[in-house]
Amino acid sequence: MSDRLNNDTLTDLPAGVRRPAYDRRAVKTGIVHLGVGAFHRAHQAVYTDDVLARDASWGIVAASLRSPDTYDALQPQDGLYTLSVRSQEGEALRVIGAIRRVIVAPREIDDLLDVMADPQTRIVTLTVTEKGYCHDPATGTLNEAHPDIVHDLAYLKTPKSAPGFIIEALRRRRMAGVPPFTVLTCDNLPSNGRTVKRVLTRFAELVDPELGRFVAGEVSCPSTMVDRIVPATSDQDRERIGLSLGMDDAWPVVTEPFTQWVIEDQFPQGRPAWETSGAEFVNDVEPYEHMKLRLLNGSHSTLAYLGYLAGYETVADTMADEAFVRLIRGLMDEEVTPTLHMPPGADLTSYKDALIHRFKNPALKHRTWQIAMDGSQKLPQRLLGTLRDRLRSNAPIRRLSLGVAAWMRYVTGLDEKGAPIDVRDPMAARLNEIAERAGGSPEGLARELFAIREIFGDDLPNDPRFTGEVTANLVRLYELGAKQTVSEFRAG
Ligand code: CS2
C-alpha cells in the first residue's frame, strides 16, 4: 500500500512538486469558508496559500454544508491536497496547505458556529453555488418560502443554509460585542456582494428588526469576480496524480493555468494581501463581473446545452467542432460585447481570444453535463440580463435566444435519441412536469417555461420579440437537432 499525502509525508514528495512554503503549525484561522468544493480549492485557497508564506494569520477553516465527502478525503490528509494545473503543455503539481480543518456542518453545527463567532475570524468566504443563497434568481431577493429558510427561521440555533449560519454567527458576535466579519461571496451571482447583502439583511430582519438594521449598517459584503475553470475531479485524475506524487491523494483538484480574482476593497476587519498573489482590488467590480458572467459563463451555458444535445461530452469536444466556435465567437462579438461598459484600457479582444483558447483546452475534461446543471439559477445572469439590454436597444438576439432555447430543449429530460437526461436543478420536478404536459410540442413547452417568473421575471414573457425568437429556435432544435442547427447557423 502506498503512502497517503499528509503533514508527515510532505517531505517525501518528489522535488518537482511545490509544497507549502511556511510552517503549517504556526498558521492561525482568519477565514471561515462555506462550501469546500473544487472551485474554492483551486482558487481562493491557492491565493491564500501564497499569502501564508508571508502572513500566518489567514488560515482557512472550511465547511461542507451538506456532504461529508470532502471531510472524509481531506481530514486524514491534514487538510492537504494537490492542485494540478493542466494544459496542452503538460501538468504542474502543487500541494496546498491553506485549509487547516474541514467541518461537516450538519453534524458539527456548534463547532462551525463557534469558529465563525470567534473574534480571530475576520472573513467568511462562500462558494455555495447559485442555489445556496436561497434567493429568487430573477429578483435577487430572499426566497422566504425556501424550505431551508423556513427551517432556519424557526430553528436559528441549528441552521442548515448559508444565510442561516451567517446570521446566527453574526447574532452571536453582536451579543458578545465582537465586530462582524466581512462576508465575501465568490459565486457567479450578479452583483454578488449586493445580492448576498440583500439576502442576509432580509433574513436578519425576519429574525429581529434590530438585527436587520445591524446587518444593513455594519456588515460589509464586497462584490467579487472570480474566474478559473475547475471541472470535477475524475478517477483517472486521482490515479495519474497519485503516480506522479508517489503517494495517494484522495481528492486532488484539476484546473487550467488561467486564474483571475477582482475584489472590492471593503474589509473593515482587515484582509490577506491577496494582491501579492495576483488578485486585483478595485472600487467597482460590476464591469468585470458583467464581462465575465456574460462572455465566459453565457458562452459556457450555451455550449453546455447545445453541446450536450449534439452528443459532445466535454466543452473541448464541442469546441473541436468549428461551427460551435463560430457561433460562440459571434455570440461574444456581436451580441454580448455591445452590452459591456469596460473601464478604459480593458482589452476585450484578447479576453475573448483567451476564452476561446481556454474552452479548447483538451487537457480539461469539463463535461457539458456538469455546466448544464442548475440552469434555472444560472440563466438570468448569464443570458437573460444581456437579452434585456439587447431588447431595449432593439438589437439582434439570434444567438442569445438559441442559448435559451437549448436550455428548454435540454430540461425536457430526453435527448435527441430519446434517451433520458439526468437534469440536475432545484426546479427539476417542476421542469419535468411542464415537459410532460407539453408532450413534445415546442410551442407549448416554450409557453409554459416562459411563465416561470423566478427565471424570466414579469417582463420577458410579455416581450413578443423575445418569446418569438426563442420559440422559433426551439422549433428548429426539435426539427433539425442541435448539431445541424449550429452548423446551419448563418451570421446576419
Ligand atoms: C461553469 C463555471 O459550471 C459552470 O456553470 O460555467 O463553473 C465556470 O467554469 C467558472 O465560472 C469559470 O470561472
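None of these values were measured; they are calculated from a predicted model. Atoms within each ligand, like the ligands themselves, are counted from 1 in listed order.
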Nearest 0.5 Å please: distance from the NZ atom of Lys417 over to the CG atom of Leu309. 11.0 Å

Please check this pair: side chain of Lys197 against backbone of Val219, looking for a donor-acceptor N/O pair closer than 3.5 Å. yes

Main chain of Ser350, side chain of Asp347: is a donor-acceptor contact present, judged purely on distance under 3.5 Å? yes

Separation between CG (Leu387) and CD1 (Ile397), nearest 0.5 Å, reads 5.5 Å

Report the residues that fulfil salt bridge (Lys or Arg N to Asp or Glu O under 4.0 Å) with Asp237, sequence neighbours left out, ordered by chain and then residue number. Arg240

For ligand 1, run through the N/O pairs with the protein that fall under 3.5 Å and put one pair on each line.
from     : atom 1 : to     : atom 2 : distance (Å)
ligand 1 : 5 (O)  : Lys378 : NZ     : 2.8
ligand 1 : 5 (O)  : Arg382 : NH1    : 3.1
ligand 1 : 5 (O)  : Arg382 : NH2    : 3.0
ligand 1 : 6 (O)  : Asn297 : ND2    : 3.2
ligand 1 : 6 (O)  : His300 : ND1    : 2.7
ligand 1 : 6 (O)  : Arg382 : NH1    : 3.1
ligand 1 : 11 (O) : Asn188 : ND2    : 2.9
ligand 1 : 11 (O) : Lys292 : NZ     : 2.7
ligand 1 : 11 (O) : Asn297 : ND2    : 3.0
ligand 1 : 13 (O) : Asp227 : OD1    : 2.6
ligand 1 : 13 (O) : Arg228 : N      : 3.0
ligand 1 : 13 (O) : Arg228 : O      : 3.4
ligand 1 : 13 (O) : Lys292 : NZ     : 3.1

For His300 together with Phe359, are the ring centres under 6.0 Å from each other? yes

